[in-house]
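See below for the structure under consideration.
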Amino acid sequence: MIKLTNEQLDALAKDLDAIRDEALADLGERDAKYIRKILRLHRTLEVGGRVMMPFGFIPPVFVAAVASLGLAKILENMEIGHNVMHGQYDWMNDPALNSQTYEWDTVCTSDSWRRTHNYEHHTYTNIIGKDRDYGYAVLRLSDDQKWHPAHSLQFINYILLTVFFQWGVGLHELETEKLRSREIRLRDKLPLIKEFFQKGGRQAFKDYVFFPLLTLPVAPIVLLGNAGANLIRNLWASTVIFCGHFTEQAETFTEEECEGESKGHWYLRQISGSSNFTGGLWVHILSGHLSHQIEHHVFPDIPAHRYREMAPKVQAICEKYGITYNTGSFGRQYMTVLRKIAHYSLPDRVRLKLQAA
Amino acid sequence: MLSSNPIKKSLNWLGRQLFNQENPAAFFDPLVTPINPLWIRGFTPAQVQDIITETADTKTFVLKPSNRWSGFEAGQHVNLSVDIDGVRYTRTFSLSSTPARWAEDGTITLTIKRLPGGLVTNWMHDNLKAGTVLGLSKAFGDFLVPTSVEPLLFIAGGSGITPILSLLETLEKDHYRAPVALLYFVRTQADVIGAERLYALRQRWPAFNLQVVHSQEDSKPVYLGEQHLDTIPGIKARLCYLCGPKGLMDLASDLLGKYGISDDRIRVTFFSAPAPVFTGESGGLVTFSRSGKEVEADDGKALLELAETAKLNPKYGCRMGICHQCKCTKTSGTVVNSLTGKVSSPGEEQIQLCISVPQGPVTIEL
Ligand code: FES
């Protein structure tokens, strides 16, 4: 991370706060219209997908149904659920968009997500040992973490994590690594496990029991289609998230660096630890605007569709202070993620040689 | 209806599993809203049918609530929710029409005066159009018709007449036998709200004694006094109803007390939300309504800390305004956002405890 003086950090905080205040002062009808339009689109896609699915014995209908339901789940998780739970729309006072009561269409309970993501991840972003989202405790992505022979197979872990992403996220707060090291006891996690089974059961019930049984003669098709929709969402969501923090140039931090940090330092860390990717309007919308991960980490509770217009201002500020603004095409950013996972699966000696070559 | 309840319950359970919503029917709201907003399930919708100008600063809004609305009794209030520039505001208003009218044609009326500086009332006056759909709460309030027949005295001031219009018409329709008097204080004749209805009542209801007092017509303002109360025959035996500005209500309670009328014979209701208390300095009494605890605000301390000094354990995460874990409902009072310096509105809204500093008395649902 680039070193800035305390004065520079304070000035940085002031500059970013100004962008934030400007957006806050402008919140209104436009944002309400936008999110309601997305809600309408989500409901249309979900209802459409569910209705088409039983007719999936006709191959093109199957494709349309899976795509429709998959897109619905993506929209709901990324542009609606994630953003609503950040409090981006709380100012509307609409109980349907309340950050503390919203429950999303995925295995992870919203309560668990609000603790692990909104609080832990967004407060301690990329601090090794404190941000458990960094590598999700199954991937080694930095040499701050010691290499272990098991890491050589981490690419398999990665594949499993991305395929079953919603279940992984659902169990994330279980902190299995701390259970194994006996730092915490299973007993402490019982309420979480109960909630996990409740919510996970609910999600599995609807996609793998209820809707297939409802149209019994074609149950296998519906089952397959629903699994396909969940898979599409898992792959896309995990890829977007990985591109946000695990790219080549997204930095990590140590606890010491961040002790008692100022607001400016927090801002600097949010920018240096995040990475954007470019793309068309629909790439942004379907990523829940996490394509603007940098803006999201700097302004987590500003309606995400505004990140697009805030980005040039943030980028200009980064230039002013000489902070790297990490962005690139989706494909390029993703390649660097894969490379990182592969590299850090190797012992440091081998990795360094390889990287030098 | 016996069998429908378990069915309803299990459908609701199923809906919750399928749509992850406490109120599963609301899942379809985004789809039905453009088709027919009266099908909305997330709140009880009511459509504006007509808007009638009463006086220069008062209008009557005729609403048609959806069939789900559970009705009301004369003298009750409702909370009305309106979306203004993307933000939903909820305010309490008295119903000025009668339950009989609602039973007949399904409409209700709210008679609303512009409050100087009031965001919601002014917006309603300037922007609300027939066809708009608003949110309506269940009716509430105990400013109701008496359970037994006895002589009554109503004292109203300004737009405080609204629940009384509903009460009077209901009493007349029920052929209320005992004498009923109304002392109605308005600034000038032009400020009389519901004039036609009141004069029509006087015409067809011999038991009704109407006195309209113009308080600002002369150079010297007229206040409620013995010269008014002495004109009410048998005032000591009357059950009294007061609704109007705070000054008038205080004066009336005092005077009625002097006539030997005990407090339990005086019914009082506030016709509008109390004016926002914004002192401009931090501090004030913080009430945590759910736990019933109170603390005196410490200069500049945020509500999260104050709640903790009151031995409450509100949820929190970052304690610096990022994570929104500490979100709570503020039911009344003004707070200042310590990050932006922005002053909140006085009504009900969601706030982050860790960055909200109370300014004057505040009530938090905690
Ligand atoms: S505790 Fe995180 S926003 Fe208040």
Side-chain angles (χ1 to χ4, degrees), chain A residues 17 20-21 24-25 27-33 35-44 46-47 50 76 81 85-96 98-106 110 114-115 117-120 122-124 199 201-203 205-206 210-211 263 266 300-301, chain B residues 13-24 26-35 40-43 81-90 135 314-330 337 339-342 344-345 347-352 354-355 365:
Chain A
D17 280 341
R20 180 187 156 80
D21 291 346
L24 275 180
L27 292 183
E29 192 70 34
R30 176 160 75 100
D31 308 85
K33 276 221 176 96
I35 193 65
R36 296 217 165 100
K37 205 164 69 192
I38 296 291
L39 285 171
R40 191 147 58 239
L41 178 61
H42 162 249
R43 303 302 199 263
T44 312
E46 164 126 25
V47 172
R50 300 270 182 214
E76 197 280 341
M85 283 192 282
H86 264 296
Q88 293 181 359
Y89 299 97
D90 279 350
W91 54 273
M92 288 172 61
N93 283 329
D94 181 346
N98 181 299
S99 64
Q100 299 309 300
T101 54
Y102 191 87
E103 190 62 55
W104 58 347
D105 180 16
T106 184
S110 290
R114 282 185 279 259
R115 287 187 296 262
H117 178 85
N118 289 8
Y119 165 46
E120 286 183 12
H122 273 269
T123 311
Y124 304 117
K199 181 77 192 287
R202 177 190 270 196
Q203 293 297 109
F205 166 77
K206 109 173 137 183
F210 178 79
F211 283 114
K263 187 79 198 265
W266 181 82
D301 54 5
Chain B
W13 175 86
L14 183 65
R16 286 204 306 273
Q17 311 310 308
L18 300 184
F19 304 127
N20 284 309
Q21 308 227 354
E22 270 316 298
N23 177 5
F27 178 84
F28 298 99
D29 282 354
L31 290 179
V32 303
T33 310
I35 305 170
I40 289 175
R41 305 292 302 197
F43 54 83
S81 300
V82 298
D83 282 358
I84 304 175
D85 196 18
V87 183
R88 186 160 303 168
Y89 295 89
T90 302
K315 197 158 69 160
Y316 67 83
C318 65
R319 302 185 78 103
M320 54 193 276
I322 304 162
C323 71
H324 290 251
Q325 284 288 88
C326 60
K327 270 271 161 76
C328 260
T329 307
K330 161 178 78 67
N337 180 321
L339 293 183
T340 61
K342 215 182 133 206
S344 78
S345 88
E348 179 171 319
E349 63 187 350
Q350 296 276 313
I351 55 163
Q352 288 161 275
C354 68
I355 51 167
E365 246 175 45

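Naming convention: chains lettered A, B, ... in sequence-line order (proteins, then strands); numbering from 1 in each chain. Hydrogens, waters and symmetry mates are skipped; everything else that's a heavy atom, side chains included, is used.
Contact annotation for B/Ile351: neither backbone nor side-chain heavy atoms come within less than 4.5 Å of a heavy atom of chain A. Residue contact with chain B, scored on non-hydrogen atoms closer than 4.5 Å, involves the side chain of A/Glu46 exclusively. The contact between A/Asp21 and chain B is made entirely by side chain atoms (from C-beta outward), counting heavy-atom distances below 4.5 Å. Contacts between B/Glu348 and chain A at a heavy-atom distance below 4.5 Å involve the backbone alone (N, CA, C, O). The contact between A/Lys199 and chain B is made entirely by side chain atoms (from C-beta outward), counting heavy-atom distances below 4.5 Å. There is no contact between A/His117 and chain B, counting heavy-atom distances below 4.5 Å. A/Leu24 touches chain B through its side chain: at least one heavy atom from C-beta onward sits under 4.5 Å away, while N, CA, C and O do not. In this structure, chain A has no heavy atom under 4.5 Å from any part of B/Asn23. Interface remark: B/Lys342 contributes no atoms to any contact with chain A (heavy atom separation under 4.5 Å).
Interface summary for chain B: among A/Ser110, A/Gly201, A/Gly28, the most heavy-atom pairs under 4.5 angstrom belong to A/Gly28. Options A/Gln100, A/Lys206, A/His122 differ in how many heavy-atom pairs under 4.5 Å they form with chain B, and the most are formed by A/Gln100. Ranked by heavy-atom pairs under 4.5 Å with chain A, the list B/Cys323, B/Cys328, B/Pro30 is led by B/Pro30. Of all the listed residues (A/Asp301, A/Leu41, A/Thr44), the one sharing the greatest number of non-hydrogen pairs under 4.5 Å with chain B is A/Asp301. Listed options A/Trp104, A/Phe210, A/Phe211 were ranked by heavy-atom pairs under 4.5 angstrom with chain B; first place goes to A/Phe210.
In this structure, CG in A/Asn93 is found 11.0 Å from CD1 in B/Ile84, a value given to the nearest 0.5 Å. Summarising the geometry, atom CD belonging to A/Gln88 is positioned 8.5 Å from atom NE2 belonging to B/His324; distances are rounded to the nearest 0.5 Å. Here B/Ile322 contributes atom CD1 and A/Thr123 contributes atom OG1; the two are 4.5 Å apart, rounded to the nearest 0.5 Å. The line from NZ of B/Lys327 to CG of A/Asn98 is 7.0 Å long, rounded to the nearest 0.5 Å. Within the model, atoms CG of B/Leu339 and CZ of A/Arg20 stand 6.5 Å from one another, a figure rounded to the nearest 0.5 Å.
The side-chain heavy atoms of B/Pro34 and A/Arg40, taken from C-beta on, include a pair separated by under 4.5 Å. A 4.5 Å side-chain heavy-atom check between A/Pro95 and B/Arg88 finds at least one atom pair inside the cut-off. Contact annotation: the side chain of A/Glu103 never approaches that of B/Glu22 to less than 4.5 Å [non-hydrogen atoms, C-beta and beyond]. Annotation: side chain of A/Gln203 is in contact with side chain of B/Asn20 (closest heavy-atom distance under 4.5 Å). The shortest distance between side-chain heavy atoms of A/Asp94 and B/Phe43 does not fall below 4.5 Å. Between A/Glu29 and B/Asp85, the closest side-chain pair of non-hydrogen atoms falls below 4.5 Å. The shortest distance between side-chain heavy atoms of A/Arg43 and B/Phe27 falls below 4.5 Å.
Between the B/Glu349 side chain and the A/Asp90 main chain, no donor and acceptor come within less than 3.5 Å of each other. In terms of modelled atom types and a separation under 3.5 Å, the side chain of A/Arg114 and the main chain of B/Gln325 share no donor-acceptor contact.
Across all non-hydrogen atoms, the minimal contact from B/Gly86 to A/Ala32 is CA-CB, 3.7 Å.
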